[in-house]
Amino acid sequence: FKYICNTSFSSNDYFKSLFINKKNKLLIFQHGGRYFMFKQNISELHELKINDKFISLGFDKKKHFLIYQNKINYINNEKILYVEDTFRLPQRMGESLPMMKESLIFEKDQINLQKKLKQKFKCNIKKHPFNENKKFYKFKNSCKTIDMLKKYNLVIIENIYSTSLLEIIQHDFPYLIFMNKKLLKIDYKRHVINDIKNLEKNKIFHTSEKSIINFLNKNLKSIDKWWNLKNTRSAHQIFKKRYLIESRNFIRDFENSIN
């Protein structure tokens, strides 16, 4: 038998029992955006070790899971959606001590930025609906990111590894990324840092509260103009091509990827 899963191999005891002393094939597909980025990622190393086949969202071109693209049109209404990362300490696992220290500093920066965005731009803050079907992971202000997009014309995402970032770039929607620069130098692979340089140059990636506020003061009333600049589009498309693969025939390509 073939079993396809994303987290059951570690969180579902019944599922794991099916594999004891049995010759079953385990196909694991990427869940979230933390893959192929960190110098050390315990869960990723474990998954790559135990699988018979690992299917990524696009970075590993030899083993990829194709995403169906459905472009969402945005309206220039000057509304901002800020999607908060659900992996706040102490929820994170497998991080080095220096990274955990910088993560704590970054969380303070995130809170300060959220306050400023609310006050100055009436920004809407939402938590990404991580495992929303489980009661103990429910959030009062959680949302389905994609369902929310039609109401806004710009999304601000916390962290380059965020699952919500993959969802946003899949739909070709205007976005900004906010992240602590020291975190990149501590635990991220060289290719990630290089990929980000182009995003930062074109004002998609920001490492300070001041940088984002200045950008919004200058561009919020004309986000569509900035988003459709040749250099902005190029930076986005290069990053998107690196981490996601699109499909025009999802069912066919999915079947091919798991066989």
Side-chain angles (χ1 to χ4, degrees), residues 6 29-37 56-59 64-88 110 113-114 117 121 123-132 139 141-179 184 188 192 195-196 198-207 211-212 215-216 219-220 223-229 231-247 250:
N6 59 356
F29 61 86
Q30 178 179 338
H31 48 283
R34 296 167 66 90
Y35 291 80
F36 311 109
M37 288 188 170
S56 82
L57 293 173
F59 182 79
H64 61 260
F65 174 83
L66 293 131
I67 297 293
Y68 175 72
Q69 185 187 23
N70 182 20
K71 185 174 180 180
I72 295 176
N73 294 323
Y74 56 93
I75 30 179
N76 195 23
N77 57 9
E78 300 180 32
K79 289 187 177 181
I80 305 170
L81 173 64
Y82 184 106
V83 183
E84 189 177 283
D85 185 13
T86 52
F87 278 96
R88 291 278 175 98
Q110 290 168 328
L113 176 61
Q114 288 179 22
L117 291 173
F121 302 102
C123 178
N124 196 0
I125 313 294
K126 294 287 184 180
K127 287 184 172 67
H128 188 265
F130 176 66
N131 285 351
E132 197 175 22
F139 298 102
N141 63 336
S142 63
C143 70
K144 292 183 178 180
T145 306
I146 302 307
D147 291 341
M148 293 290 292
L149 288 182
K150 296 176 183 178
K151 301 177 183 179
Y152 301 89
N153 73 324
L154 179 68
V155 178
I156 300 174
I157 303 292
E158 293 181 351
N159 293 313
I160 196 73
Y161 62 71
S162 171
T163 303
S164 51
L165 175 60
L166 292 177
E167 293 173 345
I168 298 300
I169 64 176
Q170 174 193 346
H171 293 279
D172 200 26
F173 198 87
Y175 62 93
L176 303 179
I177 304 168
F178 179 52
M179 190 171 180
L184 292 172
Y188 283 77
V192 180
D195 291 341
I196 286 170
N198 200 26
L199 295 179
E200 189 172 14
K201 181 180 178 182
N202 289 284
K203 308 300 180 184
I204 297 175
F205 186 85
H206 298 261
T207 58
S211 176
I212 284 193
F215 172 85
L216 293 174
N219 297 287
L220 185 57
I223 285 296
D224 55 336
K225 183 179 179 180
W226 163 76
W227 185 242
N228 288 297
L229 289 174
N231 289 342
T232 308
R233 299 298 302 156
S234 176
H236 161 68
Q237 292 295 343
I238 289 172
F239 186 79
K240 181 178 181 179
K241 188 177 180 180
R242 178 102 161 156
Y243 293 94
L244 285 176
I245 293 180
E246 296 172 359
S247 173
F250 178 81

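Starting from 1, each residue takes its place in the sequence as its number.
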From the list Arg242, Lys240, Lys201, Lys241, salt bridge (Lys or Arg N to Asp or Glu O under 4.0 Å) with Asp195 holds only for Arg242
Taking the side chain as C-beta and beyond, is there a heavy-atom pair between Gln114 and Phe178 under 4.5 Å?
-> no
* Asked: Do Val83 and Glu158 touch side chain to side chain, with heavy atoms closer than 4.5 Å?
  -> no
### Message
Looking at Asn153 and Lys79, would you say the former's side chain and the latter's main chain have a donor-acceptor pair under 3.5 Å?
### Response
yes
*Would you check if Leu81 and Lys151 make a side-chain contact, meaning some heavy-atom pair closer than 4.5 Å?*
no
Exercise for review: Fit a plane to each ring of His236 and Trp227, take the angle between them on a 0 to 90° scale, and name the class: parallel (under 30°), tilted (30 to 60°) or perpendicular (over 60°).
Suggested key: tilted
Check: Where do Ile80 and Tyr152 land on the side chain to side chain contact (heavy atoms under 4.5 Å, CB included) test, with the steps shown first?
Finding: CA-CA 6 Å; Ile80 305 170; Tyr152 301 89; 5.5 Å; no
Residues Ile204 and Tyr175: closest non-hydrogen pair is CG2-CE1, 3.3 Å
Practice task
Could you check if a side-chain atom of Ile196 sits within less than 4.5 angstrom of a side-chain atom of Ile177, using non-hydrogen atoms only?
Solution key: no
For Thr232 and Asn202, the nearest pair of non-hydrogen atoms, with its separation, is N-OD1, 3.9 Å
CD (Gln110) and CD1 (Ile125) are apart, to the nearest 0.5 Å, by 10.5 Å
Interatomic distance, CG@Leu216 vs SG@Cys123, rounded to 0.5 Å, equals 8.5 Å
Evaluate the side-chain proximity of Glu167 to Ile157: yes if any heavy-atom separation is below 4.5 Å, no if none is. no
Leu165 and Ile160, any side-chain heavy atoms less than 4.5 Å apart
yes
With heavy-atom distances below 4.5 Å as the criterion, would you say the side chains of Ile169 and Leu166 are in contact?
yes
dist Ile212:CD1 -> Phe205:CZ (nearest 0.5 Å) comes out at 9.5 Å
| request: Determine, stepwise, if the pair Asp172 / Arg233 fulfils side chain to side chain contact (heavy atoms under 4.5 Å, CB included). | output: CA-CA 10 Å; Asp172 200 26; Arg233 299 298 302 156; 3.0 Å; yes
(request) Would you check if Met179 and Glu200 make a side-chain contact, meaning some heavy-atom pair closer than 4.5 Å? (result) no
Looking only at heavy atoms, the pair that brings Lys203 and Trp226 closest together is O-CZ2, 3.8 Å
Rounded to the nearest 0.5 Å, the CD1 atom of Ile223 sits from the CZ atom of Phe215 at a distance of 4.5 Å
Value for CG (Asn124) from CG (Leu117), rounded to nearest 0.5 Å, stands at 11.5 Å
